[in-house]
Amino acid sequence: MSGLRLEVWPTASDAIASAAGIVTSRLAANPGLVLGLATGSTMVPFYRRLRHAHAEGRMSLAGAAAFGLDEYAGLPDDDPASFRNYLRRHLFDGVDLPLERIFLLDGGTGDAASECRRFEAAIAAAGGIDLQVLGIGTNAHIGFNEPGSAFDSRTRPVELSEATRAANAGAFAGRVVPRRALTMGIGTILGARELLLLATGRGKRAAVAGAVDGPIGPSVPASALRLHPCATIVCDAETARDLVKTTP
Ligand code: F6R
């Protein structure tokens, strides 16, 4: 039996509002919430909503902590395309999350293995992740766990697929997209107490259909959500069009 809950909204903007509402309600119930945060274009309007909620006094991250889901390898911290920079621009600069409770993978490190161990230890020291926010790649990757990633994988260096590098090329404005990254593993993600995956637009249709309706296994990384006791996919009607198992 899958614990996966599916929310299908008429528009992307409705889906984003609902996902942001889940975060604000979890924060209201638990101001010390430990979040895991994805990046990517889907998340830009989602973080904008969180910043607005904060600006309007409806949401505070003052007692919360946040872990970045993944990072490119070999980029300096201040590279405009780094996920560190993305999260700063799209979220951290506009909310009240204390700097000392922001935990990000250092993709520029010369010792990726010990950086990944340090990160796993920091998650454990924080008491684990309460709510992990996820996007999904067109190949159904979560984080940078490309198809083939083991479901018990932990934070580690990975090779990016050509499809992922092409999909993310826009952020690099003609520069070479890194071939490697550090990512929380699927096992790390499944260790969070709650998972929230946001998918919008027709480009994610096949990936979401595979995750929800296809066989569960490493060839469809997002299918791992069906093994989690408390996972929700929030999407718009456009994304959900190929789904068989839609639930109210
Ligand atoms: C980013 C990440 C990726 C993205 C996915 C979708 O931190 O972990 O899994 O969520 O590639 O990206 P967009 O939203 O740009 O299509």
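In this chain, residues are counted from 1 in sequence order. Counting convention: from 1, in listed order, for ligands and their atoms alike.
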Which residue holds the protein heavy atom closest to [atom], what is that atom called, and what is the gap in Å?
atom                    : answer
atom 15 (O) of ligand 1 : Ser41 N, 2.8 Å
atom 5 (C) of ligand 1  : His141 NE2, 3.4 Å
atom 4 (C) of ligand 1  : Thr39 O, 4.0 Å

With a heavy-atom distance limit of 4.0 Å, tell me whether [X] approaches ligand 1 through its side chain, its backbone, both, or neither.
X      : value
Asp70  : side chain
Asn168 : neither
Thr42  : both

Ile216 vs Leu227, test: side-chain contact (heavy atoms from CB on, under 4.5 Å). Steps then yes/no. CA-CA 8 Å; Ile216 298 176; Leu227 302 177; 4.1 Å; yes

Give a yes or no on whether the ring-centroid distance for Phe83 and Tyr72 is below 6.0 angstrom.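 Here the rings of Tyr72 and Phe83 have centres that are less than 6.0 Å from each other.
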
Mind checking whether Phe92 and Tyr47 have ring centres under 6.0 Å apart?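 For Phe92 and Tyr47, the ring centres are not under 6.0 Å apart.
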
Does Met43, backbone or side chain, put an N or O under 3.5 Å from an N or O of ligand 1?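 No, no N or O pair falls under 3.5 Å.
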
Who's closest to atom 6 (C) of ligand 1 heavy-atom-wise, of Leu160, Ile136, Leu197?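 When every heavy atom of Leu160, Ile136, Leu197 is considered, Ile136 comes closest to atom 6 (C) of ligand 1.
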
I want to confirm something. Looking only at heavy atoms, which of Gly143, Gly40, Gly68 is nearest to atom 9 (O) of ligand 1?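 Selected option, by shortest heavy-atom distance: Gly143.
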
Subset of ligand 1 atoms that lie under 4.0 Å from at least one heavy atom of Gly135: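 Those atoms are 10 (O).
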
Atom indices of ligand 1 within 4.0 angstrom of Ala38 heavy atoms, with elements: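 Those qualifying, in numeric order: 7 (O).
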
Does any part of the side chain of Arg156, heavy atoms only, come nearer than 4.5 Å to the side chain of Thr183, both counted from C-beta?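 Sidechains of Arg156 and Thr183: in contact.
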
Taking atom types as modelled and ignoring hydrogens, do the side chains of Arg89 and Asn85 form a donor-acceptor contact shorter than 3.5 angstrom?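 Yes, a side-chain donor-acceptor pair sits under 3.5 Å.
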
Got more than 12 heavy atoms from elsewhere within 6.0 Å of CZ, Arg179?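 No.
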
Applying salt bridge (Lys or Arg N to Asp or Glu O under 4.0 Å), run through Arg5 and Glu7 and close with a yes or a no. CA-CA 7 Å; Arg5 201 170 69 86; Glu7 279 187 17; 2.9 Å; yes

Has Lys204 got any heavy atom lying under 4.0 angstrom from an atom of ligand 1?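 Lys204 counts as a contact of ligand 1 under the 4.0 Å cut-off.
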
Mind listing the closest non-hydrogen atom pair of Asp79 and Ala81 along with its distance?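 Closest pair (atom of Asp79, atom of Ala81, distance): OD1-N, 2.8 Å.
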
